[in-house]
Amino acid sequence: MRLFRPITIGLSSLALALALPAGTALASNGKFAWRGPKGQSYFLQNPPNSKCLNMSQEARGPRNNTKQPLVVYTGKRCTGKATRLAPGKSAPSGTRFASVVFNPH
């Protein structure tokens, strides 16, 4: 069995090395920005693709500075009225949203 340990460790290392670059492809490169309470600016760098994210506080004026389309929703869990934003586009500053999904299916 001792002969198999180096091979197993080597294969595990190779699998990990190959998996790391693929993980970065699962993110929308760029920043997603919005305004929160009292007009404070917030942003999310390289958000995950195809995962619904709920906002924990008031959010409005979404700006899509990623390379992928996104959809903001008026309700939590990506429900309610949907507003789609192409890469580089912004919604009006008064547009309120409660959740967002990047690169939706």
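These numbers come from a predicted model, not from an experiment.
- P62 has its side chain within reach of F32: a pair of non-hydrogen atoms, C-beta onward, lies under 4.5 Å apart.
- Considering all non-hydrogen atoms of both residues, P104 and R84 come closest at CG-NH1, 3.6 Å.
- Across all non-hydrogen atoms, the minimal contact from R63 to S90 is CG-OG, 3.1 Å.
- The OG1 atom of T95 sits 15.5 Å away from the CH2 atom of W34 when rounded to the nearest 0.5 Å.
- Remark: the backbone N or O of G30 is paired with a side-chain donor or acceptor of N46 at under 3.5 angstrom.
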Would you give me the side-chain donor-acceptor pairs under 3.5 Å for residues 65-73, sequence neighbours excluded?
{"from": "T66", "atom 1": "OG1", "to": "N64", "atom 2": "OD1", "distance (Å)": "2.6"}
{"from": "T66", "atom 1": "OG1", "to": "Q68", "atom 2": "N", "distance (Å)": "3.2"}
{"from": "T66", "atom 1": "OG1", "to": "Q68", "atom 2": "O", "distance (Å)": "2.9"}
{"from": "Q68", "atom 1": "OE1", "to": "N103", "atom 2": "ND2", "distance (Å)": "3.4"}

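- One finds the CZ atom of R96 at 13.5 Å from the OG1 atom of T83 (value rounded to the nearest 0.5 Å).
- Of the inter-residue distances, the one linking F97 atom CZ with N54 atom CG reads 11.0 Å to the nearest 0.5 angstrom.
- Criterion: ILVMFWY side-chain heavy atoms under 4.5 Å apart, direct or through other members. Under it, M55 and V101 are not part of a common hydrophobic cluster.
- For the atom pair NZ of K51 and OG of S99, the computed distance is 13.5 Å after rounding to the nearest 0.5 Å.
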For residues 36-45, which side-chain N or O atoms pair as donor and acceptor with protein atoms under 3.5 Å away, sequence neighbours left out?
{"from": "Q40", "atom 1": "OE1", "to": "Y42", "atom 2": "OH", "distance (Å)": "3.3"}
{"from": "S41", "atom 1": "OG", "to": "R35", "atom 2": "NH1", "distance (Å)": "2.5"}
{"from": "Y42", "atom 1": "OH", "to": "Q57", "atom 2": "NE2", "distance (Å)": "3.2"}

